[in-house]
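To start, the structure under review is shown below, and the notes come after it.
All figures in this text were calculated on a predicted structure; none of them were measured in a lab. Remember, it's 1-based here, ligands and their atoms both numbered in the order they're listed.
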Amino acid sequence: MISKTMQDALNAQINLEQASAQLYLAMSAHCEARSFRGFAHWLKVQAGEETAHALKLVDFLLARKGTLDLRPIAAPPTGFGGVIEVFEKTLEHEKGITARINALFEQARSEKDFASEMALQWYVTEQVEEESRVGLIVDHLHAVGDKGGAIWYLDSRLAKRGTT
Ligand code: OFO
């Protein structure tokens, strides 16, 4: 059985992962509207990953006999700016998620909830990958700028992202 405090914290994280999915879907549509189909594709795949992150936590919570407490998902902002800003905002968002995951991990450890700690290890590792992946895109975008042919080359590269 999971503690009420850990249950609440996991429910909050589930909501946040779903909000991340909404955010990336909105960003994807923003890029698509500007004909950046590769960036749009990458963000849409990312939205799917965020939903998968939420579902993985749901499965864990239910396996521990916790109660799923679904709440309204925050509407994403609008007006993301150019592609560089979109990915800078993505990186900032992921850094925020990392901080939340670390706090959850710390909570599990302080409650001696070893099962949650083990489950959250996957998210700690995942956040390293998330920040690294997005950071690389931001670096490439800064290198090429958001005008000229190189950005279209980057766009075509990101169009190749597969689903995981
Ligand atoms: Fe779920 O990792 Fe991004 O937000």
- Query: Taking 2.8 Å as the cut-off, does an N/O/S atom of E94 lie below it from atom 1 (Fe) of ligand 1?
  - Reply: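 Given the 2.8 Å cut-off, E94 does not count as a ligand of atom 1 (Fe) of ligand 1.
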So if you build clusters from Ile, Leu, Val, Met, Phe, Trp, Tyr with side-chain heavy-atom gaps below 4.5 Å, do L55 and W122 land together?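 No: no chain of side-chain contacts under 4.5 Å links L55 to W122.
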Self-check item: More than 12 heavy atoms from other groups under 6.0 Å of CZ on R100
Solution: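 Counting other residues, nucleotides and ligands, CZ of R100 stays at 12 neighbours or fewer.
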**Request:** With heavy atoms under 4.0 Å as the rule, classify the contact between E126 and ligand 1 as side chain, backbone, both or neither.
**Result:**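 No part of E126 comes within reach of ligand 1.
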> Which single N/O/S atom of E17 lies at minimum distance from atom 1 (Fe) of ligand 1?
Replying inline: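 In E17, the heteroatom (N, O or S) nearest atom 1 (Fe) of ligand 1 is OE1.
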Q. Can you list the atoms of ligand 1 that are under 4.0 Å from a heavy atom of S20?
A.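 What qualifies from ligand 1 is 4 (O).
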- Task: Could you list the atoms of ligand 1 found under 4.0 angstrom from a heavy atom of H53?
- Result: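 Those of ligand 1 that fall under 4.0 Å from H53 are 1 (Fe), 2 (O).
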[Y] versus [X], side-chain donor and acceptor atoms under 3.5 Å:
{"X": "Q46", "Y": "R161", "value": "yes"}
{"X": "E17", "Y": "Q13", "value": "yes"}
{"X": "E117", "Y": "Q121", "value": "no"}

Determine, using heavy atoms of E49 and all atoms of ligand 1, whether some pair is separated by less than 4.0 Å.
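No, E49 has no heavy atoms under 4.0 Å from ligand 1.
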Who's the nearest protein heavy-atom neighbour of atom 2 (O) of ligand 1, and how far?
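The answer is E130 OE2, 2.6 Å.
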Residue pair E49 / E130, side-chain heavy-atom distance below 4.5 Å
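The answer is yes; the side chains approach within 4.5 Å.
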Report task. For ligand 1, find out whether one of its N or O atoms is nearer than 3.5 Å to an N or O atom of E50. Result ->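 Min N/O separation from ligand 1 is below 3.5 Å for E50.
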